[in-house]
Each structure stands twice: as structure tokens, then as C-alpha cells.
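For reference, the structure discussed in these notes is given below.
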Amino acid sequence: MPSKAILESLSKTASRESGMKVGFIGLGNVGGKLSGSLLRNGVELSVYDLNPDLVASFAERGATAASGPSELMRDCDAVITCLPSPAASDQVMQMMLPEVREGKIWMEMSTTDEAEIKRLGALVLAAGGAAVDCPVSGGCHRADTGNISIFAGCDRPTFERILPLLTKMGRRILHTGEMGSASVLKVITNYLATANLITCCEALVTAKAAGMDLNTTYEAIKISSGTSFVHETESQVILNGSRDISFTMDLVSKDIGLFQAVADRHNVPLEMNPLMIDIFKDGEARFGSRELSPNIIKRLEEATGLDIRAPGFPAEMTDDEPEEPGYEIVPAGRGS
């Protein structure tokens with residue numbers, strides 16, 4: 001945890017950057033919460049989304065409604081994109097690129113492909129702007145409170161310029177290195193989360209089949225070496241029966257597919273991830289691509305005839321930590 005002096009320094013820096021105009025494109029499950037944190041913390045914000053109702057809701061809260069991506073890049077100092085696919089990011093970038101010039105910053109907060117972020121970022125750099133890949137990790141419930149973690153890949157001067165904005169959206173901010181590095185780390189962490197989800201599902205179903213009480217099973221895993229962030233969040237909504245973490249099977253498939261692409265580019269012969277890809281392909285075929293991702297457990301529920309629910313668990317996750325100023329995480333061995 002940073003010292004009081006560091007937090008005060010960040011707050012003063014954020015105040016100096018309060019004149020920065022920010023555009024935000026993509027007001028969905030994650031983007032809507034990240035942009036909400038900017039708005040809540042006093043950033044001058046303009047927004048755009050293909051859903052006019054989402055734009056209208058932000059306008060009612062004090063944001064400026066923009067007509068499209070090109071207007072945002074023209075009128076704002078920094079434009080943030082948080083979109084569902086690399087193809088969507090490319091489409092938006094083609095609209096913004098004619099307005100990119102010196103002093104402009106593009107911040108890509110989508111989960112995307114390393115090669116694609118480097119390609120699009122190079123276009124921004126060639127036009128005189130700066131580019132950052134800055135995906136988030138920690139769940140929608142933490143995005144909602146500004147306590148999510150953010151990775152940022154870019155040169156150090158650009159990182160220091162955008163840090164005040166990042167600390168308004170997230171709690172722990174990690175400068176990962178050059179552009180593209182954050183996207184690699186993001187798909188690595190999503191791969192691990194998916195592996196955790198699948199194993200939690202198998203553990204809970206096996207416990208039920210063995211006659212274990214599921215409330216006791218949850219606590220046993222939580223206090224043991226078998227616990228994880230995924231268990232302490234997603235296992236709860238699985239046991240509730242809602243399975244609602246605001247994330248769907250097609251997005252999981254996209255993320256572990258991106259992880260596979262990174263491994264393939266570097267000739268890493270993965271064994272677990274191809275199996276996980278097959279599991280989620282089967283889940284999408286059975287239950288639909290837009291099915292909530294924790295319902296991958298339904299494959300095992302159907303195979304065993306067991307109902308993996310228990311009383312006392314929440315229908316959705318909420319972040320009970322108070323919102324606090326964000327701060328930079330400095331990796332061990334790097335120094336301050």
C-alpha cells in the first residue's frame with residue numbers, strides 16, 4: 001500500500017491534469033463502469049456508443065454526448081476505447097485516425113491481440129500521437145468502484161502523463177513496458193482465470209457427487225491452498241444459481257483464443273489451453289455464445305444430474321472495499 005505522501009502526490013498530479021478532456025468509446029459492462037469512475041471523479045468526459053440509450057444515460061449525469069469517434073479524437077486530449085473485439089477497435093481507429101496529431105493520446109482498454117494493438121498503435125505514432133494498451137483485470141464489480149487493476153503498455157513519459165487518469169479508474173496501476181506488453185499480460189491473466197473457473201466447476205460438482213455440503217466445501221477451498229480470486233468470486237454466484245458476473249462464453253473464447261495466438265507465435269506447445277478452448281466451444285454450442293460464462297458448469301450438471309446450488313450466496317458480486325486513490329505498482333527488483 002502506498003504511503004500517505006505518495007497518495008497526496010498523486011492527488012496533486014491528478015488535479016493538475018483535471019483540464020484534460022477525455023473521450024470514451026464503448027459503454028458496455030466494463031467500459032460503462034470505467035467511464036463512470038472518470039465522471040464521478042470530475043474528469044471532463046465525452047462519450048460515444050452504438051447504443052444511444054447508454055449515451056443518453058451518461059449525458060444525464062453530466063457527460064457530453066459525441067456524434068462519433070472522429071469527433072472525440074478531434075475535440076479531446078485522450079480517447080479511450082473499450083470494445084468487444086479487435087475488429088471493432090480497428091473500425092473505430094479508422095474513423096479516429098484522420099484527427100490524430102501531436103499531443104493526442106489513444107488508450108486501448110479492450111482485451112485485444114498484441115500484434116493488433118502494435119499495428120494500430122504504430123498508425124497513431126506515425127500520425128504524431130501517443131498510444132497505450134491499458135486493459136483492466138479484477139471483475140466488473142471492482143471496475144464499478146474504481147478499485148480494479150490496470151496494466152499499461154507504453155513509453156514512460158506517456159505513462160506518467162496518463163497515470164492521473166488511470167488512478168481515477170483503477171486502484172493498482174502497473175506499467176508493463178512497451179506497447180503490446182499489457183495486452184500479453186492481460187490474456188495471460190484471463191487464461192489463468194478461465195483455468196480457475198473450469199477447475200472450480202469440477203471441484204464443486206465432484207464435492208456434491210461425493211456427498212459434501214457445498215457451503216462447507218466453499219469455505220474449505222477458500223481457507224486452503226486451493227483458493228483463488230475466481231473461487232472467491234465466481235464460485236459464489238455459481239452456488240447462488242445466478243451465475244452472473246457480467247461476462248459471457250463468447251468473450252471467454254475470445255480471450256483464451258488470444259492467449260493461444262501469443263503461445264503459437266512463440267512456439268509454446270500448450271496442452272491445457274487447447275482443451276479449454278474445446279470446452280468453451282462445446283459450451284457455446286449447447287447454451288449459446290451469450291450465455292454467462294460460469295454456466296460452463298451446466299455441462300457437468302447435465303452429465304451428472306446434480307444441482308450445484310447452495311443457500312446464502314449472493315446473486316452478483318459487489319465490491320465492499322471503499323474507493324481509494326489509485327497508485328502505481330513497482331515490480332520487485334525494478335526499484336522506484
Closest heavy-atom pair and its distance - [X], [Y]:
X	Y	value
Phe58	Gly32	CZ-O, 3.3 Å
Val230	Ala193	CG2-O, 3.7 Å
Ser89	Leu83	CA-CD1, 3.8 Å
Lys254	Pro86	CD-CD, 4.5 Å
Asp49	Leu27	OD2-N, 2.7 Å
Pro294	Ile238	CB-CG1, 3.7 Å

Quiz question: by atom type and distance under 3.5 Å, do the side chains of [X] and [Y] form a donor-acceptor pair?
X	Y	value
Thr158	Arg161	no
Asn240	Glu316	no
Gln260	Asp264	yes
Asn29	Lys33	no

Decide yes or no for [X] and [Y]: does some side-chain heavy atom of the first lie under 4.5 Å from some side-chain heavy atom of the second?
X	Y	answer
Lys186	Leu258	no
Cys140	Phe247	no
Val262	Val187	yes
Val100	Leu97	yes
Ile198	Glu202	yes
Leu197	Phe280	yes
Ile221	Cys200	no
Ile162	Val132	yes

Derivation of the side-chain contact (heavy atoms from CB on, under 4.5 Å) call for Arg309 and Leu239: CA-CA 4 Å; Arg309 288 183 292 178; Leu239 291 167; 5.9 Å; no
From Ile80 CD1 over to Leu38 CG, what is the distance, rounded to the nearest 0.5 angstrom?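 If I round to the nearest 0.5 Å, the distance is 5.0 Å.
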Rounded distance (nearest 0.5 Å) linking atom CG of Asp133 with atom CH2 of Trp106: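 So the gap between those two atoms works out to 8.0 Å.
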Going by ring-ring contact (aromatic ring centres under 6.0 Å, His included), name the pairs with one or both residues in residues 217-246, residues two or more places apart or in two chains.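 Counting only pairs at least two positions apart or across chains, the ring-ring contact (aromatic ring centres under 6.0 Å, His included) contacts touching residues 217-246 are Tyr218-His231, Tyr218-Phe313.
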According to ring-ring contact (aromatic ring centres under 6.0 Å, His included), does anything in residues 151-181 pair up with another residue at least two apart or in another chain? List the pairs.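 Every pair satisfying ring-ring contact (aromatic ring centres under 6.0 Å, His included) with a residue in residues 151-181: Phe159-His175.
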Step by step, would you call Ser70 with Glu99 a side-chain contact (heavy atoms from CB on, under 4.5 Å)? CA-CA 6 Å; Ser70 60; Glu99 302 294 341; 4.3 Å; yes
Is there a donor-acceptor contact under 3.5 Å from the side chain of [X] to the main chain of [Y]?
X	Y	result
Lys208	Ala203	no
Ser242	Ala315	yes
Asp213	Thr216	yes
Thr176	Ala182	yes
Lys222	Thr227	no

So, [X] and [Y], do they make that salt bridge, N to O below 4.0 Å?
X	Y	value
Arg243	Glu234	no
Arg290	Asp250	yes
Glu323	Arg171	no

Pairs in or reaching into [range]: which pass side-chain hydrogen bond (donor to acceptor under 3.5 Å, both in side chains), with residues at least two apart or in two chains?
range	answer
residues 275-285	Ser253-Glu284, Asp282-Arg286, Asp282-Arg299, Glu284-Ser289
residues 134-145	Thr145-Asn147, Thr145-Asp319
residues 109-128	Asp90-Arg119, Glu108-Ser110, Asp113-Arg265, Glu114-Lys118, Glu114-Arg265, Glu116-Arg119

Begin with the C-alpha distance, continue with both residues' side-chain angles, and end with the deciding distance and a verdict on side-chain contact (heavy atoms from CB on, under 4.5 Å) for Ser293 and Ile245. CA-CA 8 Å; Ser293 57; Ile245 60 160; 3.7 Å; yes
Quick check on Glu219: does its CD atom have over 12 non-hydrogen neighbours (other residues, nucleotides or ligands) under 6.0 Å away?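 Counting other residues, nucleotides and ligands, CD of Glu219 exceeds 12 neighbours.
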Could you give me the CA-CA distance, side-chain angles and deciding distance for Met107 and Val79, then say whether side-chain contact (heavy atoms from CB on, under 4.5 Å) is met? CA-CA 6 Å; Met107 298 167 60; Val79 177; over 6 Å; no
Quick one: list whatever passes side-chain hydrogen bond (donor to acceptor under 3.5 Å, both in side chains) with Glu321, sequence neighbours left out.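 Glu321 satisfies side-chain hydrogen bond (donor to acceptor under 3.5 Å, both in side chains) with no residue once adjacent residues are dropped.
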